[in-house]
Structures are given as structure tokens and as C-alpha cells.
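In what follows, a structure is listed as C-alpha cells, so that the remarks can point back to it.
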Amino acid sequence: MQNKIEITVNRRRFDGSCGVTSQMTAAEIAGLVGIPAQNAIVERETARNAYEAVSSDAQIAIEAGMHFLVTRHFVMGG
């Protein structure tokens, strides 16, 4: 039996059926919550309520239980 990898992105759980694999880019993680890579800021939880930014092309070794925060770049129109 294969280990089930489940991660949390913006407080929502995702697993292999959603596209989670053992290696993912930050852009792929942003895609899980529907935010285009060019407009996403992806942060990985390093400690409780502490996050570090991850570049969009960085490969991340995914482990079960990881937490990510994905937000949109703030853009002023005008």
C-alpha cells in the first residue's frame, strides 16, 4: 500500500487525488487553490504560525502534513 500524502493549503486539505505528488513546485501548489503562478505568493510553514516564502520554480519535497499559505500579489489598478 502506498503512503497517502496529504497537505494543507490555505486551511484546505489536498491529497494525491487532487494532484499532490512527492515533488511539487510552488506554482503547482498555488494551482491547487486556483491562483495562477504569476500572481501567487507561496509560503511554507516552518513552525507554528511562522512561514517562509518559496520561489515559484523551487522544487519542494512534499511530506505528509505540510502546511502552505498561498496569497495573491496585491496589484493596484489605474
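Interatomic distance, OG of Ser56 versus CD of Gln38, reported as 9.5 Å (0.5 Å rounding). Expressed to the nearest 0.5 Å, how far CE of Met66 lies from OG1 of Thr46 amounts to 10.5 Å. Note that OG1 of Thr71 is 6.0 Å distant from CD of Glu43, once rounded to the nearest 0.5 Å. Note that the CZ atom of Phe14 and the CD atom of Glu6 stand 10.5 Å from one another [nearest 0.5 Å]. Taken from CD in Gln23 to CD1 in Ile62, the straight-line distance is 7.5 Å, to the nearest 0.5 Å. The CD atom of Glu45 lies 11.0 Å from the CD atom of Glu52; values are rounded to the nearest 0.5 Å.
A heavy-atom distance below 4.5 Å is not found between the side chains of Arg44 and Ile29. In this structure the side chain of Val70 never reaches within 4.5 angstrom of the side chain of Leu32, judged on heavy atoms. Two residues are said to be in side-chain contact when any heavy atoms from C-beta on lie closer than 4.5 Å; Ile35 and Val42 fail this criterion.
Test Asn10, Ile41, Thr8 against Leu69 for side-chain contact (heavy atoms from CB on, under 4.5 Å) and you get one pass: Asn10.
Distance alone, capped at 3.5 Å, is enough to place a donor-acceptor pair between the Thr25 side chain and the Glu28 backbone. No side-chain donor-acceptor contact under 3.5 Å links Asn39 to the backbone of Arg72.
Here the shortest heavy-atom pairing between Tyr51 and Phe68 reads CE2-C, 4.4 Å. Residues Ser55 and Ala26 approach most closely at O-CB, 3.3 Å, considering heavy atoms. Taking both residues in full, the closest heavy atoms of Val33 and Arg12 are given as CG1-NH1, 4.2 Å, listed atom of the first, atom of the second, then distance.
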